[in-house]
Amino acid sequence: QVQLVESGGGLVQAGGSLRLSCAASGRTFSMYRMGWFRQGSGKEREFVGAITWTGGRPSYADPVKGRFTISRDNTKNLIYLQMNSLKPEDTAVYYCAADFRGKAVADSSEYDYWGQGTQVTVSS
């Protein structure tokens, strides 16, 4: 079992920044990667980015490339999503998720555990 808890969401103006955190606990030693997804109102959940738990570069969805950065702190079992140059279309509930198999990085069905989500609202 893995428990994930996101934090750091809130309301920000367009062009602003937010940093989300995801704290992982439990069987973290066997995780392959951690991913960030988001779901806007009336929309399907979409991939934002992911990072392997032990090394390697993060991967990002095209809409956030160059604006969002994922990092990790293995000593604290934390991953971060730094979001810069935010746009109103970034408004969504953001989720972190844990993947133990390492297959399709952007496929939400590959992720076994999910946090409760944190709301990000970007005003224009």
Side-chain angles (χ1 to χ4, degrees):
Q1 290 281 345
V2 172
Q3 294 77 42
L4 304 172
V5 179
E6 303 96 337
S7 61
L11 173 64
V12 64
Q13 289 187 332
S17 298
L18 278 176
R19 188 178 79 158
L20 307 184
S21 300
C22 176
S25 61
R27 196 166 56 98
T28 59
F29 59 88
S30 57
M31 287 195 302
Y32 178 78
R33 69 164 66 99
M34 295 283 289
W36 286 98
F37 289 78
R38 66 186 182 185
Q39 188 166 17
S41 180
K43 299 180 180 179
E44 293 188 354
R45 189 169 297 188
E46 65 174 352
F47 174 72
V48 174
I51 189 168
T52 56
W53 194 239
T54 58
R57 291 183 179 179
S59 57
Y60 300 96
D62 286 343
V64 308
K65 280 181 181 176
R67 299 188 298 123
F68 290 11
T69 303
I70 297 174
S71 60
R72 66 181 180 274
D73 184 341
N74 294 80
T75 64
K76 298 180 181 179
N77 284 352
L78 285 168
I79 65 165
Y80 303 99
L81 179 65
Q82 177 67 44
M83 305 184 292
N84 299 328
S85 303
L86 282 162
K87 305 174 182 180
E89 52 263 43
D90 294 318
T91 295
V93 177
Y94 283 71
Y95 301 88
C96 64
D99 169 21
F100 284 77
R101 291 179 290 275
K103 294 184 178 179
V105 63
D107 184 350
S108 61
S109 67
E110 291 292 327
Y111 291 77
D112 304 280
Y113 297 95
W114 294 79
Q116 82 288 351
T118 185
Q119 177 70 48
V120 171
T121 303
V122 184
S123 63
S124 56

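Computed over heavy atoms, backbone and side chain alike; hydrogens, waters and symmetry mates excluded. Keep in mind that what you see is a predicted model, and the values were worked out from it rather than measured.
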Rounded to the nearest 0.5 Å, what separates atom [atom1] in [X] from atom [atom2] in [Y]?
| X | Y | atom1 | atom2 | value |
| --- | --- | --- | --- | --- |
| D99 | S108 | CG | OG | 11.0 Å |
| L20 | W36 | CG | CH2 | 5.0 Å |
| Y94 | S7 | OH | OG | 15.0 Å |

**Request:** Flag the pair D90 and K87 as a salt bridge only when some basic side-chain nitrogen lies within less than 4.0 angstrom of an acidic carboxylate oxygen.
**Result:**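 No.
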
Going only through I, L, V, M, F, W and Y residues with side-chain contacts under 4.5 Å, is there a path from [X] to [Y]?
| X | Y | answer |
| --- | --- | --- |
| V64 | V120 | yes |
| I79 | F47 | no |
| V122 | Y60 | yes |
| F100 | M34 | yes |
| F37 | I51 | no |

Can you give me the closest heavy-atom contact between [X] and [Y], atom names plus distance?
| X | Y | value |
| --- | --- | --- |
| I70 | A50 | CD1-N, 3.3 Å |
| A104 | R33 | C-NH1, 4.2 Å |
| M31 | A24 | CE-CB, 4.4 Å |
| R38 | P63 | NH2-CB, 4.1 Å |
| G8 | L18 | O-CD2, 3.9 Å |
| A97 | L4 | CA-CD1, 3.7 Å |

Please answer whether the main-chain N or O of [Y] pairs with a side-chain N or O of [X] as donor and acceptor at a distance below 3.5 Å.
| X | Y | value |
| --- | --- | --- |
| R101 | E110 | yes |
| N74 | W53 | yes |
| E6 | T118 | no |
| T91 | P88 | yes |
| Y111 | A106 | no |

**Message:** Please determine whether side-chain contact (heavy atoms from CB on, under 4.5 Å) holds for the pair Q119 and T121, giving the CA-CA distance in whole Å, both sets of side-chain angles, and the decisive distance to 0.1 Å.
**Reply:** CA-CA 6 Å; Q119 177 70 48; T121 303; 3.3 Å; yes

**Request:** Could you walk me through whether F29 and T54 pass side-chain contact (heavy atoms from CB on, under 4.5 Å), step by step?
**Result:** CA-CA 9 Å; F29 59 88; T54 58; over 6 Å; no

**Item:** Lys/Arg cation over aromatic Y113: R27, 6.0 Å, 45° cone
**Value:**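 Not flagged: R27 not positioned over aromatic ring of Y113.
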
**Prompt:** Does NZ or CZ of R19 lie under 6.0 Å from the centre of the six-membered ring of Y80, at an angle within 45° of the ring axis?
**Reply:**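 Judged by the rule (NZ or CZ under 6.0 Å from the ring centre, within 45° of its axis), R19 counts as positioned above Y80.
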
**Request:** Check the pair K103, Y32 against side-chain contact (heavy atoms from CB on, under 4.5 Å), reporting the backbone distance first and the verdict last.
**Result:** CA-CA 10 Å; K103 294 184 178 179; Y32 178 78; over 6 Å; no

**Message:** Do V5 and Q3 have side chains that approach each other closer than 4.5 Å (heavy atoms only, starting at C-beta)?
**Reply:**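 Side chain of V5 against side chain of Q3, heavy atoms only: no contact under 4.5 Å found.
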
**Message:** Counting only heavy atoms not in E44 (residues, nucleotides, ligands), do more than 12 fall under 6.0 Å from its CD?
**Reply:**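 Counting neighbours around CD of E44, 12 or fewer heavy atoms of other residues, nucleotides or ligands fall under 6.0 Å, so no.
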
**Prompt:** Would you call the rings of W114 and Y95 parallel, tilted or perpendicular, where under 30° means parallel and over 60° means perpendicular?
**Reply:**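 Aromatic pair W114/Y95 classed perpendicular.
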
